[in-house]
Amino acid sequence: MEGISLEELQLAARNHGMPLEALRYPVTPVGLHYLLIHYDVPYVDADTWSLTVRGKRELTLGLDDLKQRPRAEATVTMECAGNGRARLDPRPVSQPWLLEAVGTACWAGTPLRPLLEEAGVGESAVEVLFTGLDRGVEGEIEQQYQRSLSVEEALRDDLLLAYEMNGGPLPPQHGFPLRLVVPGWYGMTSVKWLSEIETIEQPFDGYQQAQGYRLRQTEDEEGTPVQRIVPRSLFVPPGIPEFFTRERVAEPGKHVIQGRAWSGLAPITSVEFSTDGGSTWAPAELEPQEERWAWRGWRFRWQAEPGSYVLCSRARDEDGNEQPVEPPWNLGGYSNNAVQAVSVTVS
């Protein structure tokens, strides 16, 4: 595999993943939640900022107006669509995520649906377009970050216009003063620094929809859009790490392996654990599912004897979707939910 380029290192320095030891927290502390910023973090003055909503009629709302509307909260696991990209061979060149591009936050704001209904969704509307204030160049196209959802998806009751994160104001890097939160979908859908919401009568063909975030094997393919999060489980590596390689060393005896599992397709129903690189599997203990769109905790009790091990976990959801042992390759490095594998020396 080619080495990480300076351009990729530049991206990695701006964006960060969640340390795996933070899986111990049911709700990820704000500073440990993964972060991906396509362009620059825009500076926004909340006193002059407003959201424009265009449907049959046009609405303009300031932050105080939104806070006076009905309030809702939701604990949601959010994952970057490129999580696991750097583990593919050949490695797609982009933000070099390993496994940690995920986090779970308690978002608070106002539901999207009533606002759309107030603006009016016309019979000819097919999608709802969301525009952020962040602006840049991608695919040689100058653009504001934009994504759309079908009208049906946008009218789900659980979509949120969030202005709070974990009990405090939305931080600048997470979309202050307002962002969209779409439970169950990869993070690129939850547009940050929202400025406009508009119903449209043709499918959106902007870069982030028509060219970016599509599953394809070659540049010539149209591909299929990346949408919902496929099942994944991660666990806190046991023992202690070597500083540079992060290789693990653990003592013999009982280890309680703690992890989390999630899926945007259906609720998690089982997690299995392997100590031999996936040759054999044993069931893990699932914790109760607290909220539908938050990850589900699990534990595995491992009696470790001296030797070398490769620890893995895999999740399965209610619809039978399961993590593969080998990663599925695609040009953009999206939706790689291959099992986590951690080498551990017990001595």
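Cluster membership for Y213 and L129, using ILVMFWY side-chain heavy atoms within less than 4.5 angstrom, is not shared. When hydrophobic clusters are built by joining Ile, Leu, Val, Met, Phe, Trp and Tyr residues whose side-chain heavy atoms come closer than 4.5 Å, directly or via intermediates, L115 is grouped together with V151.
Counting heavy atoms of neighbouring residues, nucleotides and ligands inside a 6.0 Å radius, atom CD of E247 does not exceed 12 of them.
Listed by first then second residue, pairs satisfying side chain to side chain donor-acceptor pair (under 3.5 Å) with a partner in residues 53-67 read R54-E58, R54-E196, not counting sequence neighbours.
With W262 as the aromatic partner, R296 does not meet the cation-pi criteria of under 6.0 angstrom to the ring centre and within 45 degrees of the ring axis. In this structure, R71 fails the cation-pi test against W107, since its NZ or CZ atom is not both closer than 6.0 Å to the six-membered ring centre and inside 45 degrees of the ring normal.
Between W295 and P26 the shortest heavy-atom distance is NE1-O, 2.9 Å.
Proximity of a side-chain donor or acceptor of E291 to a complementary backbone N or O of W293 within less than 3.5 Å is not detected. For the pair N330 (side chain) and L215 (backbone), a donor-acceptor distance under 3.5 Å is absent. Of the possible polar contacts, one joining the N166 side chain to the C106 backbone as a donor-acceptor pair under 3.5 Å is found. For E242 (side chain) and T245 (main-chain N/O), a donor-acceptor pair under 3.5 Å exists by modelled atom type.
Ring pair F273/F235: centre-to-centre distance below 6.0 Å.
With sequence neighbours excluded, the residues forming a ring-ring contact (aromatic ring centres under 6.0 Å, His included) with Y145 are H38, listed by chain and number. L32 pairs by the side-chain contact (heavy atoms from CB on, under 4.5 Å) definition with P19, A22, Y25, T28, P29, not counting sequence neighbours.
Between E118 and R113 there is no salt bridge, since no side-chain nitrogen of the basic residue lies less than 4.0 Å from a carboxylate oxygen of the acidic one. Salt-bridge check for R314 with E272: passed, with a basic side-chain N closer than 4.0 Å to an acidic carboxylate O.
From M18, atom CE reaches atom CZ of R260 across 9.0 Å, with rounding to the nearest 0.5 Å.
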